[in-house]
Participant: 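Quick one: this structure, given as structure tokens, is what I'll be asking you about.
In this chain, residues are counted from 1 in sequence order.
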Amino acid sequence: MAQYFDVHPENPQPRALAQVARILEQGGLVAYPTDSCFALGCALGNAAGIERIRRIRQLDDKHHFTLVVDSFAKLGAYVEMDNRIFRAVKAATPGPYTFILKASREVPKMMQHPKKRTVGVRIPNHRTTLALLDAVGAPLVSSTLLMPGHEESLTDGWAIKELLDHQIDAVLDSGDCGVEPTTVVDLSGDEPVIARVGAGDPSPFVA
């Protein structure tokens, strides 16, 4: 059964965050809140965790997983950015955007698009997410918690525990989750492509 951690939205309890971080470090899969819906997350390099996300969401190998980091300064280790991309991403983060970029060698191939060698990256603007990332001390491999056949993402932590109780290891809930998924902007080509319109304003990336 999944462990359930209910934390304060403004001051999430360090002890609970440390417990969730330990579950992640030990190979666990957790559901956690962001500024744009709940997400499923596991530690970077956790191949079994990625496969569990694929099974839960019924994803194929072309799905872009997302590396969630807590600051812009950390993106450079995982993705390639020229000056144009650097400025565009910096101006829009933190916030409800996912950017598709060329992956660096630090990104496991199992996370990358099999042909394009791209990966999603995201810097959320959510206190609990950022506190969890700080407790882990590393990026999380994530995917929006959108279940097969559902038109909307899950936003209630207790309902997620009941639904996925035997498929994940923990639910972190602070009661203040966003209700729209991120806007996905593909910056891996010559021109920006809006792959999904969500919570983030797409207009800065549209010519």
Side-chain angles (χ1 to χ4, degrees), residues 20-21 23-32 34-37 39-90 92-126 129-130 132-146 168 181-196 198 200 205:
V20 177
I23 289 169
L24 287 161
E25 291 161 1
Q26 293 173 348
L29 176 63
V30 306
Y32 67 96
T34 76
D35 50 350
S36 60
C37 312
L40 291 171
C42 65
L44 183 63
N46 182 353
I50 290 175
E51 284 307 311
R52 289 169 72 185
I53 295 174
R54 286 192 197 278
R55 285 198 304 272
I56 290 169
R57 291 205 51 207
Q58 297 180 16
L59 302 171
D60 61 26
D61 64 354
K62 295 180 178 59
H63 176 76
H64 274 108
F65 283 93
T66 299
L67 273 177
V68 181
V69 300
D70 58 5
S71 70
F72 180 81
K74 294 179 181 176
L75 284 183
Y78 303 102
V79 291
E80 299 174 6
M81 292 187 289
D82 60 20
N83 288 337
R84 173 183 64 90
I85 294 172
F86 182 97
R87 289 193 298 269
V89 175
K90 188 169 176 50
T93 55
Y97 295 92
T98 296
F99 296 99
I100 307 298
L101 298 169
K102 294 289 185 183
S104 76
R105 293 181 180 179
E106 296 298 314
V107 179
K109 286 190 176 180
M110 67 186 126
M111 279 193 63
Q112 301 177 26
H113 187 283
K115 293 183 178 178
K116 299 178 182 179
R117 297 304 178 203
T118 49
V119 68
V121 291
R122 160 153 162 64
I123 306 169
N125 186 18
H126 190 273
T129 317
L130 296 174
L132 176 62
L133 289 165
D134 182 62
V136 173
L140 290 180
V141 179
S142 289
S143 182
T144 301
L145 215 178
L146 179 62
I168 62 177
T182 55
T183 290
V184 179
V185 185
D186 189 338
L187 295 175
S188 64
D190 294 334
E191 297 293 334
V193 174
I194 307 300
R196 180 179 70 196
F205 305 97

Participant: Out of curiosity, Ile194 CD1 to Tyr97 OH, how far, rounded to the nearest 0.5 Å?
Facilitator: 8.5 Å

Participant: Please answer whether the main-chain N or O of Leu101 pairs with a side-chain N or O of Ser188 as donor and acceptor at a distance below 3.5 Å.
Facilitator: no

Participant: Looking only at heavy atoms, which two atoms of Leu29 and Gly41 are closest? And how far apart?
Facilitator: CD1-O, 3.3 Å

Participant: Going by heavy atoms in the side chains, are Leu44 and Tyr78 under 4.5 Å from each other?
Facilitator: yes

Participant: Arg196 and side chain to side chain donor-acceptor pair (under 3.5 Å): which partner among Asp186, Thr182, Thr183?
Facilitator: Thr182

Participant: Side-chain contact test, heavy atoms from C-beta onward, threshold under 4.5 Å: evaluate it for Leu140 versus Leu132 and give yes or no.
Facilitator: yes

Participant: Determine which pairs satisfy salt bridge (charged side-chain N to carboxylate O under 4.0 Å, His left out) with at least one residue from residues 92-113, sequence neighbours left out, and list them in order.
Facilitator: none

Participant: Using atom types as modelled, flag every donor-acceptor pair under 3.5 Å from a side chain in residues 64-72 to any protein atom, sequence neighbours excluded.
Facilitator:
residue: His64; atom: NE2; partner: Thr118; partner atom: OG1; Å: 2.6
residue: Asp70; atom: OD1; partner: Lys74; partner atom: NZ; Å: 2.9
residue: Asp70; atom: OD2; partner: Lys74; partner atom: NZ; Å: 3.4

Participant: Is it true that a side-chain atom of Arg57 and a backbone atom of Thr144 form a donor plus acceptor pair closer than 3.5 Å?
Facilitator: yes

Participant: Could you pull out the closest heavy-atom pair between Ile53 and Ser143, with the gap in Å?
Facilitator: CG2-CB, 3.8 Å

Participant: Please report the shortest heavy-atom distance between Asp35 and Pro96, naming the atom on each side.
Facilitator: OD2-N, 3.7 Å

Participant: Write down the atom of Val141, the atom of Met111, and the distance for their closest heavy-atom approach.
Facilitator: CG2-SD, 3.4 Å

Participant: Which atom pair, heavy atoms only, marks the closest approach of Leu130 to Pro124?
Facilitator: CD2-O, 3.6 Å

Participant: Any side-chain heavy atom of Cys37 sitting closer than 4.5 Å to one from Leu145?
Facilitator: no

Participant: Determine the minimum heavy-atom distance between Arg84 and Leu187, stating which atoms define it.
Facilitator: NH2-O, 4.4 Å

Participant: What pairs with Glu51 under salt bridge (charged side-chain N to carboxylate O under 4.0 Å, His left out), at least two apart in sequence or on another chain?
Facilitator: Arg54

Participant: Please answer whether the main-chain N or O of Ser104 pairs with a side-chain N or O of Arg117 as donor and acceptor at a distance below 3.5 Å.
Facilitator: no

Participant: Against Arg122, only a single residue in Thr34, Thr93, Leu75, Val184 fulfils side-chain contact (heavy atoms from CB on, under 4.5 Å); can you say which?
Facilitator: Thr34

Participant: Distance check, rounded to the nearest 0.5 Å: Leu133 atom CG versus Tyr32 atom OH?
Facilitator: 6.5 Å

